[in-house]
Protein chains: 2
Amino acid sequence: MQSRTHVTLEDVARAADVSLATASRALNGMRVTPQLRDRVLAAAARLAYTPNAHARALAGASHRTVGVICHDVTDPYFAAVAGGVMRVAGANDLLVMLGSTFRDPEREIAYVSMLRAERAPAILLIGSGFEDPRWERALEAELKPYLDGGGRVAVVSRHRSLKVDSVLPENRAGAAALARALLGLGHRRFAVLAGPRALTTVTDRFGGFRDELAAAGVTLDPAQVVEGPFTRDGGYQAMTALLTRGLDATCVFALTDVMAIGACAALRDHGLAVPDDVSVAGFDDIPIVRDLTPALSTVALPLHQLGEKAMEMALTENTGRRRRILRMSGEVVLRGSTAKVDAR
Amino acid sequence: MQSRTHVTLEDVARAADVSLATASRALNGMRVTPQLRDRVLAAAARLAYTPNAHARALAGASHRTVGVICHDVTDPYFAAVAGGVMRVAGANDLLVMLGSTFRDPEREIAYVSMLRAERAPAILLIGSGFEDPRWERALEAELKPYLDGGGRVAVVSRHRSLKVDSVLPENRAGAAALARALLGLGHRRFAVLAGPRALTTVTDRFGGFRDELAAAGVTLDPAQVVEGPFTRDGGYQAMTALLTRGLDATCVFALTDVMAIGACAALRDHGLAVPDDVSVAGFDDIPIVRDLTPALSTVALPLHQLGEKAMEMALTENTGRRRRILRMSGEVVLRGSTAKVDAR
DNA sequence: GCGCTTTCAGTAAGCGCTTTCAGAATGTTA
DNA sequence: TAACATTCTGAAAGCGCTTACTGAAAGCGC
């Protein structure tokens with residue numbers, strides 16, 4: 001920018017007839033004779049002076065903009081977590097730079113690199129990692145010098161290979177609890193709408209669910225498991241694929257609520273009623289699912305808290321020698337989308 | 001940050017045994033002997049060098065972080081618009097700094113001030129203005145020197161008093177069209193869930209609706225109009241208030257989809273069915289309303305485009321002498337939440 | 001009233017980078 | 001080979017700010 005040139009501290013100092021140092025001190029609330037301070041403040045106001053944050057950062061003052069990177073702000077899950085982050089950031093007088101990668105690893109790394117260049121005091125990564133471990137490693141390589149330089153990194157629900165402070169939902173336990181609840185309703189034949197295998201979120205939720213089923217003597221037919229991206233349309237398509245191929249289940253577990261929403265739409269479009277023909281359960285408890293008809297059964301995660309805790313972690317020094325891991329448990333919430341079934 | 005000190009260009013230059021200038025040129029892709037360039041690049045990679053964005057900005061290189069301010073990232077409306085903004089920003093290799101004010105004017109002004117300090121090349125304001133015109137004026141005062149300094153400001157759906165480039169949804173026309181459609185279904189008695197009177201979004205949508213009704217000889221009973229904040233809970237409470245006071249309408253128009261969602265929940269909690277007992281219509285067409293049961297009738301705004309166009313506006317020079325205003329029209333979409341009614 | 005400490009303003013040295021300018025090195029033409 | 005044009009590199013001057021460091025003025029005890 002700067003087609004015209006800006007008002008600088010020097011202009012203020014000259015207008016107030018004091019030295020640069022005095023002007024700086026007055027503006028930063030350090031001890032200065034009241035009379036001089038007033039003159040400086042008045043001059044600054046008159047000239048609509050705004051300090052140049054870059055010059056300030058360069059000269060040593062610490063910089064108050066933290067970076068938050070997520071896959072897609074448009075996704076209610078990320079929006080909710082980001083909301084939590086922003087609340088804590090705001091309370092600490094920090095600005096946040098929120099980036100959406102749209103699931104493009106290159107863009108994610110570019111974001112980290114720019115944040116690094118900005119000398120942001122903290123970077124938060126929200127959401128599952130990448131399918132390709134090479135990207136995960138590239139990210140790690142980008143993060144390493146940042147951490148070495150004193151940067152703080154915290155992560156929400158991310159691939160564990162990243163050795164940084166993390167807030168991790170108890171995906172496995174949550175999915176297991178859900179399985180138990182669903183078994184309790186009498187379901188024995190399940191279908192699962194899964195996501196990319198490489199994501200720990202997927203392996204944990206899917207694994208927890210499958211293992212709990214197995215423990216109860218119920219096996220999950222691999223033909224009833226479909227993969228799709230973690231989006232509404234991904235859920236819709238996965239469900240449609242399953243329907244086309246032949247659905248053989250009384251209950252569908254979608255690994256995320258967003259997918260579950262898509263699944264319900266697909267079911268409806270195929271003339272099947274939820275929960276009368278098929279029960280559907282999700283995971284996350286994004287706010288909207290309460291207002292669906294029927295309301296979605298799911299595993300409720302404290303989404304806001306996920307973000308808040310991550311931000312808090314990034315803001316406090318890690319005094320221990322190991323990375324901190326905060327596990328947050330989910331709670332099964334059975335609502336209208338899952339019905340009882342006669343166990344046969 | 002910087003507990004430890006950072007790798008600087010000087011370190012790279014020394015490692016590559018060239019001058020600072022040469023290192024800078026090599027890194028910025030300017031003409032340098034291939035051999036030297038390789039040496040510099042290799043050294044930079046070896047040292048994990050990241051240029052300091054502040055130093056760079058200070059030294060004159062333009063800064064690539066734009067600011068976007070909205071009320072609440074958690075609201076699907078803002079998320080959708082912000083998504084559009086980010087897409088265009090990403091395509092132009094810009095980082096966006098997304099701030100959530102949570103409807104606090106002071107925070108909004110603080111954001112603008114920080115963005116100004118950062119010398120962000122552009123600031124985007126998304127969403128309705130404030131109820132108190134004094135805040136609006138304070139904001140204007142903050143924006144003025146920014147604009148004078150060459151900053152770009154664009155606004156989506158904002159109080160018109162701000163004399164900056166704007167993307168404005170055709171709220172009045174959209175609401176009028178909706179009124180016509182609803183009349184066409186036979187409705188004659190309406191209730192409206194409105195927002196704060198001071199917002200132009202409210203006066204336009206409400207005014208357009210009421211006037212069109214009036215033109216058709218239908219008057220809107222003031223007792224059937226309730227105000228509430230533009231949130232899901234705001235809609236829920238407004239609807240509940242109306243229900244308690246006595247609903248006398250066959251159709252409820254909520255000024256935003258988010259409110260409509262709350263209204264539907266309130267209706268349901270009162271044992272009323274949508275649309276059999278009452279029809280409900282919203283405004284905006286946020287993505288989720290398609291997946292509600294019944295799907296919500298609404299006025300569809302091109303939300304993504306709102307953000308995209310605003311970003312584009314902020315990116316292109318305004319060659320004319322007047323501020324640019326881009327009006328985007330909405331389209332009535334009748335879905336399951338509105339039913340036909342015998343006009344009596 | 002004289003040395004002493006204590007305030008407080010001013011001078012100047014960077015922070016890490018870009019860029020102008022001048023000079024060295026190379027290539028071109030007669 | 002001399003004279004000149006053409007690259008390309010390096011030295012150095014800032015960008016706007018913070019912050020030692022320095023020195024002047026003022027307050028203190030004796």
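Chain letters run A, B, ... following the sequence lines, proteins first, then strands; residues in each count from 1. What you see below is based on every heavy atom in this structure, not just the backbone, and it leaves out hydrogens, waters and symmetry mates.
Per the geometry, NE2 belonging to A:His63 stands 15 Å off P belonging to D:dC17, to the nearest Å. As a whole-Å value, the separation of B:Leu27 CG from C:dC17 P is 9 Å. Across the protein-nucleic acid pair, A:His6 atom NE2 and D:dC17 atom P stand 11 Å apart, rounded to whole Å. Taking atom CG on A:Leu58 and atom C1' on D:dC15, their separation rounds to 9 Å, with Å as the unit. Rounded to whole Å, atom P of C:dG16 lies 11 Å from atom CZ of B:Arg14. Taking atom CE of B:Met30 as the reference point, atom C1' of C:dT20 lies 11 Å away to the nearest angstrom. Distance A:Leu9 CG to C:dG14 P: 20 Å, rounded to the nearest Å. Atom C1' of nucleotide D:dC15 and atom CZ of B:Arg56 are separated by 15 Å, given to the nearest angstrom.
Among the nucleotides D:dG16, C:dA9, D:dT9, the one closest to any side-chain atom of B:Thr22 is D:dT9. When the nucleotides C:dG16, C:dA9, C:dG10 are ranked by their closest atom to the side chain of B:Ala55, C:dG16 comes out on top. In the set D:dG10, C:dT18, C:dG16, the nucleotide with an atom closest to the side chain of B:Ser19 is D:dG10. Among the nucleotides D:dG10, D:dC15, C:dC17, the one closest to the side chain of B:Pro51 is C:dC17.
Formation of a donor-acceptor pair under 3.5 Å by the A:Arg327 side chain with backbone atoms of A:Pro169 is not found in this model. Side-chain N or O atoms of A:Asn28 include none that pairs as donor or acceptor with a backbone N or O of A:Met30 at under 3.5 Å.
B:Asn52 has no side-chain polar atom (N or O) that falls below the 4.0 Å cut-off from OP1 or OP2 of C:dC15.
Across all strands shown, the partner of D:dC4 is C:dG27, judged by Watson-Crick or G-U wobble contacts whose two distances both fall under 3.5 Å. The partner of D:dG27 is C:dC4, by the rule that a Watson-Crick or G-U pair needs both atom distances under 3.5 Å.
A:Arg119 contributes no side-chain N or O that forms a donor-acceptor pair with the base of C:dG16 under 3.5 Å.
Among the heavy atoms of the strands lying under 4.0 Å from B:Arg31 are primed sugar atoms or P, OP1, OP2 only; no base atom is included. Across all strands shown, A:Thr33 has heavy atoms under 4.0 Å from sugar-phosphate atoms exclusively, and none from any base.
A:Phe102 does not carry A:Arg107 over the face of its six-membered ring by the limits of under 6.0 Å from the centre and within 45° of the normal.
Each of B:Val18 and B:Gly60 has a nearest nucleotide on DNA chain D; the 5'-most of these lies closest to B:Val18. Each of B:Arg25 and B:Thr50 lies near DNA chain C, and the nucleotide nearest B:Thr50 is the one positioned closer to the 5' end. Of the residues near DNA chain D, A:Leu20 and B:Val32, the one whose nearest nucleotide (by heavy atom distance) lies more toward the 5' end is B:Val32.
The existence of a salt bridge linking A:Glu108 and A:Arg158 is confirmed by a sub-4.0 Å separation between a basic side-chain nitrogen and an acidic carboxylate oxygen. Note on B:Glu10 versus B:Arg14: salt bridge recorded, some NZ/NE/NH1/NH2 to OD/OE distance being below 4.0 Å.
The only member of B:Lys309, B:Arg324, B:Arg152 that meets salt bridge (Lys or Arg N to Asp or Glu O under 4.0 Å) when paired with B:Asp165 is B:Arg324.
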